[in-house]
Enquirer: 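One structure, as structure tokens, below. Some questions next.
All values derive from a computational prediction rather than experimental measurement.
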Amino acid sequence: MNNYDFNNKKFGLIENSESGQVNSETIFEYRQDSNLVTADYFGGTIKYGKIIADLKGDELNMLYQCLTTDNLLKAGKAIAKISLTDTGKIKLSLDWEWLTNGNEKGKSEYIEIK
């Protein structure tokens with residue numbers, strides 16, 4: 001049994017490394033089926049993106065891909081540490097790496113908004 005429910009939750013960016021692609025206008029819409037967690041994301045610099053992740057304990061092991069508004073196709077991987085805020089909202093703290101465009105690495109944080 002998983003301690004977190006991502007189904008029908010929306011997330012927004014708190015902060016991102018300079019080499020990151022998403023910004024404060026990007027919205028992530030999550031779905032969950034047991035340990036399978038997926039998300040569509042769009043807005044800001046992202047035309048469309050997709051995440052597929054495996055939920056284990058308090059981590060999401062993610063693969064993601066997106067098409068940017070500059071028509072760049074990018075892909076990456078991340079480990080997201082999951083925590084809860086004082087108000088019970090889910091917070092994700094990611095260590096990520098692009099698998100395209102030079103393998104840049106970075107960190108980002110996201111918070112549940114709905």
Side-chain angles (χ1 to χ4, degrees):
M1 181 91 182
N2 292 311
N3 294 327
Y4 302 101
D5 179 12
F6 285 89
N7 208 32
N8 298 313
K9 301 274 175 80
K10 291 185 181 183
F11 286 76
L13 180 70
I14 298 173
E15 62 181 289
N16 200 1
S17 295
E18 188 175 322
S19 56
Q21 189 65 51
V22 304
N23 62 27
S24 61
E25 297 174 19
T26 309
I27 301 296
F28 295 77
E29 296 180 346
Y30 278 81
R31 303 284 182 268
Q32 182 176 351
D33 181 8
S34 186
N35 65 306
L36 171 63
V37 177
T38 60
D40 293 330
Y41 60 103
F42 48 85
T45 58
I46 304 294
K47 279 188 185 180
Y48 178 76
K50 187 73 175 180
I51 296 170
I52 184 169
D54 180 23
L55 174 61
K56 287 188 179 163
D58 65 350
E59 286 188 349
L60 285 170
N61 187 354
M62 300 177 152
L63 292 173
Y64 54 89
Q65 58 191 0
C66 66
L67 183 65
T68 70
T69 54
D70 293 333
N71 292 314
L72 295 174
L73 187 60
K74 300 182 85 171
K77 64 180 181 177
I79 299 293
K81 298 279 188 189
I82 307 165
S83 60
L84 293 176
T85 66
D86 292 340
T87 59
K89 299 288 186 187
I90 299 173
K91 181 179 174 183
L92 300 174
S93 300
L94 277 69
D95 284 311
W96 53 262
E97 178 182 353
W98 288 114
L99 300 174
T100 54
N101 303 64
N103 297 85
E104 296 170 302
K105 295 180 180 182
K107 296 181 180 295
S108 56
E109 290 190 336
Y110 301 86
I111 190 77
E112 179 185 342
I113 55 176
K114 284 188 181 183

Enquirer: May I ask you to list the residues sharing a hydrophobic cluster with Leu99, side-chain cutoff 4.5 Å, ordered by chain and number?
Expert: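 ILVMFWY cluster around Leu99 holds nothing else.
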Enquirer: Quick one: side-chain hydrogen bond (donor to acceptor under 3.5 Å, both in side chains) partners of Lys89, sequence neighbours excluded?
Expert: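 For Lys89, no residue satisfies side-chain hydrogen bond (donor to acceptor under 3.5 Å, both in side chains) once neighbours in sequence are set aside.
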Enquirer: With a sphere of 6.0 Å drawn around NZ of Lys91, does it hold more than 12 non-hydrogen atoms of other residues, nucleotides or ligands?
Expert: no
Enquirer: Show every ring pair (Phe, Tyr, Trp, His ring centres under 6.0 Å) that has at least one partner inside residues 37-61, sequence neighbours left out.
Expert: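 Every pair satisfying ring pair (Phe, Tyr, Trp, His ring centres under 6.0 Å) with a residue in residues 37-61: Phe28-Tyr41.
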Enquirer: Output every pair passing ring pair (Phe, Tyr, Trp, His ring centres under 6.0 Å) with a member in residues 62-85, not counting sequence neighbours, ordered by first then second residue.
Expert: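 Every pair satisfying ring pair (Phe, Tyr, Trp, His ring centres under 6.0 Å) with a residue in residues 62-85: Tyr64-Trp98.
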Enquirer: Please set out all donor-acceptor pairs under 3.5 angstrom arising from side-chain atoms of residues 77-84, sequence neighbours excluded.
Expert:
{"from": "Lys81", "atom 1": "NZ", "to": "Glu59", "atom 2": "OE2", "distance (Å)": "2.4"}

Enquirer: Can you find a heavy atom in the side chain of Ile90 that is under 4.5 Å from one in the side chain of Tyr30?
Expert: no
Enquirer: Please enumerate all residues that pass side-chain contact (heavy atoms from CB on, under 4.5 Å) together with Asn23, with sequence neighbours excluded.
Expert: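 Expected list: Glu25, Thr26, Thr45.
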Enquirer: Residues sharing Leu67's hydrophobic cluster, by side-chain heavy-atom contacts under 4.5 Å among ILVMFWY, directly or via others?
Expert: Leu73
Enquirer: When rounded to the nearest 0.5 angstrom, what distance separates CD in Glu112 from CG in Asp5?
Expert: 9.0 Å
Enquirer: Through direct or indirect side-chain contacts below 4.5 angstrom among Ile, Leu, Val, Met, Phe, Trp and Tyr, which residues connect to Ile14?
Expert: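 Members alongside Ile14: Ile27, Ile111, Ile113.
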Enquirer: Rounded to the nearest 0.5 Å, how far does CG of Asn35 lie from CG of Asp54?
Expert: 5.0 Å
Enquirer: State, yes or no, whether a side-chain contact exists between Asn71 and Lys47 at a heavy-atom distance under 4.5 Å.
Expert: yes
Enquirer: Of all residues at least two apart in sequence or in a different chain, which pass the salt bridge (Lys or Arg N to Asp or Glu O under 4.0 Å) check with Glu97?
Expert: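 Salt bridge (Lys or Arg N to Asp or Glu O under 4.0 Å) list for Glu97, sorted by chain: empty.
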Enquirer: Just verifying a value: how many Å separate Leu13 CG and Glu109 CD, rounded to the nearest 0.5 Å?
Expert: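 Separation between the atoms: 9.0 Å.
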Enquirer: Where do Ser17 and Gly106 come nearest, in terms of heavy atoms and distance?
Expert: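 Looking at all heavy atoms of both residues, the shortest contact is OG-CA, 3.4 Å.
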Enquirer: Within the structure provided, determine whether Val37 and Tyr4 are in side-chain contact (heavy-atom separation under 4.5 Å).
Expert: no
Enquirer: What do the steps show when you test Asn7 against Asp33 for side-chain contact (heavy atoms from CB on, under 4.5 Å), and what is the final call?
Expert: CA-CA 8 Å; Asn7 208 32; Asp33 181 8; over 6 Å; no
Enquirer: What residues, two or more places apart in sequence or in another chain, satisfy side-chain hydrogen bond (donor to acceptor under 3.5 Å, both in side chains) together with Asn8?
Expert: Arg31
Enquirer: Drop me the distance from Ile46's CD1 to Thr68's OG1, to the nearest 0.5 angstrom.
Expert: 6.5 Å
Enquirer: Who pairs with Asp70 by side-chain hydrogen bond (donor to acceptor under 3.5 Å, both in side chains), at least two apart in sequence or on another chain?
Expert: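 Asp70: no side-chain hydrogen bond (donor to acceptor under 3.5 Å, both in side chains) contacts found.
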Enquirer: For Asp86, which residues count as a side-chain contact (heavy atoms from CB on, under 4.5 Å) partner, sequence neighbours excluded?
Expert: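 Asp86 satisfies side-chain contact (heavy atoms from CB on, under 4.5 Å) with no other residue.
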